[in-house]
Amino acid sequence: MKKKIGLWIYVLMFWILCMVPSTGMLFYRNELTENRILSGYPAFLEEDGTWNTKYFEELQTYAAEHFAFRSELIRAESLLKFRLLRTPCDDQVVIGREGWMFFDETLDDYTGIRLSDAEIDRIAARLCAVCSYISGQGKEPLIVIVPNKNSIYPEYMPARFGKKAGVTNLMLLQERMREMKVPFVDAYKVLLDAKEQDDSFLYFREDTHWNNTGARLVLNEIYAAFGLSGQYGITDYVMEKSHEPDLYNILFPAGEHFESQYVYDDGREFEYTGRMHSLDDMKICTTSKDGNEKSILVYRDSFGRALIPYIGGTFRQAAFYRSTPYDLSLVENTECDLVLIEIVERNLKDLGDIEIP
């Protein structure tokens, strides 16, 4: 009799556990923690009044993305794998040494998977043509390719990937850019030199990106290349746990977690003009009464977020565009003296796709 009761209790518990995610959708709403838009509830009818033949397929997708406690369950699974097996539950994240995390898309660069010489030459030639076009518009061009985190901190990569490649696409491309006299800042050298001279970290441990210190060091070289004064110091700062790390959030989507950030107060005030929702907006414009008399157009990716407040406080007027491929027609249609093109190492192939008007 006791055995039967035990079996019934087991079946009941199993049934409850199975029902909670679906019945819980009636009263529980998942908060969006993923960097994508989840599907909406499907409609029975199409806009033209016909039956939606994909209704049940779309309903299945909706249920899979919105079942109750989804984020908490993903977090629980991630924690178990991370704590017990030191493996991620998402292939986008590589778990490194001492708790460091790296982005999967940087592995080709790290291991030395090379572009052909012809492709390197093509990208360099395109950048040469891009800079010639910008100069022809009476504006000064400059290019900066931000190195991947594991290019600067290979010692924290898992041993199974071996040592960082001695020659990378970034090195080869910059060598060709020098030969073709394409104006650029060697951010790789800047950050490596800074790492050897100081024990301050330049990238976040649980995020893809550089921190404010890394960004300021490269920005100093950008200003020097443009012939501008007003260098940024890296000693007067406070540490604040204010940065939400993207790689950590991929693994553990539920709950709040912040990483320490170097916070500098340079006293350079600026204002955002027009509509501004976040530093991830496709277009951001700034103005500063304290800025110099020059204006700048910046083509940027997510690494450019850290640059926006500093550039905004430096220039009378600045415009930042994130959409890719970079639209060069903006050079002619934007009031600017300087044009900065910034992109991360893992995406340097995209530089070859810039179209010249």
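Excluded from the calculations below are hydrogen atoms, water molecules and symmetry mates; all remaining heavy atoms, backbone and side chain alike, are included.
- Using a distance-only test at 3.5 Å, with no hydrogens or angles considered, a donor-acceptor pair links the side chain of R126 to the main chain of I354.
- Residues forming a side chain to side chain donor-acceptor pair (under 3.5 Å) with E155 (at least two apart in sequence, or on another chain): K195.
- Linking ILVMFWY side-chain heavy atoms closer than 4.5 Å, directly or via other members, places L297 and M282 in two distinct hydrophobic clusters.
- With a 6.0 Å cutoff to the six-membered ring centre and a 45° limit on the axis angle, R216 counts as a cation-pi contact of Y264.
- For the atom pair OH of Y156 and NZ of K149, the computed distance is 11.0 Å after rounding to the nearest 0.5 Å.
- Remark: I296 CD1 to I222 CD1 distance equals 7.5 Å, nearest 0.5 Å.
- Between E335 and S295 the shortest heavy-atom distance is O-OG, 3.4 Å.
- Between Y223 and Y232, the ring-plane angle classifies as tilted under the 30° and 60° cut-offs.
- Both L115 and M171 belong to a common hydrophobic cluster when Ile, Leu, Val, Met, Phe, Trp and Tyr are linked at side-chain heavy-atom distances under 4.5 angstrom.
- Remark: D290 CG to F315 CZ distance equals 14.0 Å, nearest 0.5 Å.
- The aromatic ring centroids of Y110 and F102 lie 6.0 Å or more from each other.
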**Q174 vs D186, side-chain contact (heavy atoms from CB on, under 4.5 Å): CA-CA, chis, key distance, verdict** = CA-CA 8 Å; Q174 291 192 157; D186 190 345; 3.0 Å; yes
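- Here the side chain of T324 pairs no donor or acceptor atom with the backbone of Y326 at under 3.5 angstrom.
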